[in-house]
Peer 1: 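Take this structure, written in structure tokens, and hold onto it; I'll ask about it next.
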Amino acid sequence: NTFFSNIFYFCIEFNFNTLNDYQNGIQTSAAYQTKFNVASSVNWNVTMYAEDANLTGTDIITEGGNTANTMPINNIGYHITSEGDLGDNYNFSSNDETAPVALTAADNELLVGYLSGNPNAGDINANNFTIHWRCGTREGGGMNPQSILDQGIAADRYATNVFLTLQPAN
């Protein structure tokens, strides 16, 4: 069997429109989900990391051409669920599938397959997942405990790349 490691990146945008959003954050909903699937003839793992330790403001530029604003990456949290036929044959990034963990710049195991001898090789119907994102909700799992408002984060459009890496299981 030949296995090619793959790296994918994506963009998600949180729009803070109300004072409540700044105080309590934005919870996961259909607008804040990333769906992906894996078709593989061998067992595999998926890791995820952010390109930067902070989100970088993109709309406000200083006289020198630099971006002036940053937001700590740990304001973004996620949990992952499986809609595939293999169900719970995975070690998710948190013990409770619905408990969020903070996004980091470190390469973290998102899905570890082949648990207790249960293979995860299969088609897209077997390996179908959703990442549920949230921002500024101050939940556990390493998320920033202060609200966006309390952090004094300037109004701007913040960005970083997030990468998913698919690789064969050992």
Side-chain angles (χ1 to χ4, degrees), residues 6-38 45-84 87-88 90-113 127-167:
N6 292 297
I7 298 175
F8 306 93
Y9 71 97
F10 51 91
C11 173
I12 188 161
E13 184 172 323
F14 294 93
N15 294 307
F16 288 76
N17 296 317
T18 67
L19 184 57
N20 185 58
D21 291 344
Y22 285 97
Q23 290 175 327
N24 299 310
I26 297 175
Q27 292 289 335
T28 189
S29 68
Y32 303 112
Q33 295 178 354
T34 302
K35 295 183 179 285
F36 71 98
N37 52 55
V38 177
N45 298 326
V46 173
T47 60
M48 181 170 68
Y49 64 96
E51 184 173 29
D52 305 298
N54 291 303
L55 297 155
T56 304
T58 62
D59 287 350
I60 299 175
I61 308 296
T62 64
E63 287 182 29
N66 298 319
T67 57
N69 300 316
T70 61
M71 177 190 294
I73 198 76
N74 68 352
N75 281 293
I76 297 177
Y78 67 90
H79 74 276
I80 186 166
T81 56
S82 169
E83 288 82 32
D88 291 331
Y90 304 95
N91 180 17
F92 292 94
S93 54
S94 63
N95 292 333
D96 174 1
E97 287 181 40
T98 61
V101 294
L103 181 62
T104 69
D107 199 9
N108 291 313
E109 292 179 334
L110 185 65
L111 291 166
V112 178
N127 298 304
N128 187 5
F129 305 96
T130 302
I131 303 172
H132 305 266
W133 300 100
R134 72 246 307 127
C135 185
T137 58
R138 303 174 291 164
E139 296 171 80
M143 288 187 70
N144 197 312
Q146 291 185 301
S147 72
I148 300 292
L149 188 64
D150 289 342
Q151 293 175 62
I153 295 174
D156 203 339
R157 173 177 255 167
Y158 294 89
T160 191
N161 291 316
V162 176
F163 298 93
L164 291 176
T165 305
L166 173 67
Q167 53 202 9

Peer 1: N54: what forms a side chain to side chain donor-acceptor pair (under 3.5 Å) with it, not counting sequence neighbours?
Peer 2: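 So N54 forms no side chain to side chain donor-acceptor pair (under 3.5 Å) with any residue.
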Peer 1: Check the side chains of Q27 and S29 for a donor-acceptor pair under 3.5 angstrom, ignoring hydrogens and angles.
Peer 2: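 No, no side-chain donor-acceptor pair sits under 3.5 Å.
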Peer 1: Applying side chain to side chain donor-acceptor pair (under 3.5 Å), can you list everything that pairs with Q151, at least two apart in sequence or on another chain?
Peer 2: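 In terms of side chain to side chain donor-acceptor pair (under 3.5 Å), with neighbours along the sequence ignored, Q151 is linked to N75, N144.
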Peer 1: Can you name the residues that form a side-chain contact (heavy atoms from CB on, under 4.5 Å) with A30, not counting sequence neighbours?
Peer 2: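 side-chain contact (heavy atoms from CB on, under 4.5 Å) list for A30, sorted by chain: empty.
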Peer 1: Sorted by first residue and then second, give each salt bridge (charged side-chain N to carboxylate O under 4.0 Å, His left out) pair with at least one member in residues 11-32; sequence neighbours left out.
Peer 2: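 Matches after skipping sequence neighbours: E13-R157.
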Peer 1: Give me the atom names and distance for the closest heavy-atom approach of I153 to P72.
Peer 2: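 Minimum heavy-atom separation between I153 and P72: CD1-CD, 4.2 Å.
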Peer 1: Which atom names give the shortest non-hydrogen contact between F16 and C135, and what distance separates them?
Peer 2: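 What the structure gives for the nearest pair is CZ-SG, 3.8 Å.
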Peer 1: What residues form a side chain to side chain donor-acceptor pair (under 3.5 Å) with D150, not counting sequence neighbours?
Peer 2: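 D150 satisfies side chain to side chain donor-acceptor pair (under 3.5 Å) with S147 only.
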Peer 1: To the nearest 0.5 Å, what is the distance between CD1 (I148) and CD (Q23)?
Peer 2: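 I148 CD1 to Q23 CD: 12.0 Å, rounded to 0.5 Å.
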Peer 1: Between atom CG of L164 and atom OG1 of T47, what is the distance when rounded to the nearest 0.5 Å?
Peer 2: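 It comes to 8.0 Å.
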Peer 1: Give every residue pair that meets the salt bridge (charged side-chain N to carboxylate O under 4.0 Å, His left out) criterion with at least one member in residues 24-37, sequence neighbours excluded.
Peer 2: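 Salt bridge (charged side-chain N to carboxylate O under 4.0 Å, His left out) check on residues 24-37 returns no pairs.
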Peer 1: Indicate yes or no for a side-chain donor-acceptor contact from T70 to the backbone of L55 under 3.5 Å, with no hydrogens or angles considered.
Peer 2: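 Answer holds: no.
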Peer 1: Which heavy-atom pair separates Y78 from I131 by the least distance, and what is that distance?
Peer 2: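 Distance-wise, the nearest heavy atoms are CB-CG2, 3.8 Å.
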Peer 1: Roughly how far, to the nearest 0.5 Å, is CG of N108 from CG of L103?
Peer 2: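 Reported to 0.5 Å precision, the distance equals 8.5 Å.
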Peer 1: Evaluate side-chain hydrogen bond (donor to acceptor under 3.5 Å, both in side chains) for D52 paired with T56, printing each intermediate quantity in order.
Peer 2: CA-CA 8 Å; D52 305 298; T56 304; 4.9 Å; no
Peer 1: Nearest 0.5 Å, please: how far is CG in N128 from CG in N37?
Peer 2: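 Reported to 0.5 Å precision, the distance equals 5.5 Å.
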Peer 1: Just to verify, what does Q33 make a side chain to side chain donor-acceptor pair (under 3.5 Å) with, not counting sequence neighbours?
Peer 2: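 In terms of side chain to side chain donor-acceptor pair (under 3.5 Å), with neighbours along the sequence ignored, Q33 is linked to H132.
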Peer 1: Tell me the closest heavy-atom pair linking M143 and G136, and the distance in Å.
Peer 2: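 Of all heavy-atom pairs spanning M143 and G136, the closest is CE-N, 4.3 Å.
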Peer 1: Among residues at least two apart in sequence or on other chains, which ones pass side-chain contact (heavy atoms from CB on, under 4.5 Å) with A154?
Peer 2: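 If we apply the side-chain contact (heavy atoms from CB on, under 4.5 Å) test to A154, skipping adjacent residues, the hits are N69, Y158.
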Peer 1: Using 0.5 Å steps for rounding, measure from the CD1 atom of I80 to the CZ atom of F36.
Peer 2: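 Reported value, rounded in 0.5 Å steps: 4.0 Å.
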Peer 1: For a quick test of reading the model, state the closest non-hydrogen atom pair linking E139 to R134 and the distance between them.
Peer 2: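 That closest heavy-atom pairing would be OE2-NE, 2.9 Å.
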Peer 1: Please list, chain by chain and in numerical order, all residues satisfying side-chain contact (heavy atoms from CB on, under 4.5 Å) with E51, sequence neighbours excluded.
Peer 2: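 So E51 forms a side-chain contact (heavy atoms from CB on, under 4.5 Å) with T160, N161, F163.
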Peer 1: Using the ring of each side chain (for Trp, its six-membered ring), is Y32 parallel, tilted or perpendicular to F14, with breaks at 30° and 60°?
Peer 2: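 It falls in the parallel class, under 30°.
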Peer 1: To the nearest 0.5 Å, what is the distance between OH (Y49) and CG (L110)?
Peer 2: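 Result: 13.5 Å between the selected atoms.
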Peer 1: For residues T58 and A159, report the shortest heavy-atom separation together with the two atoms involved.
Peer 2: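 Taking T58 first and A159 second, the nearest heavy atoms are CG2-CB, 4.0 Å.
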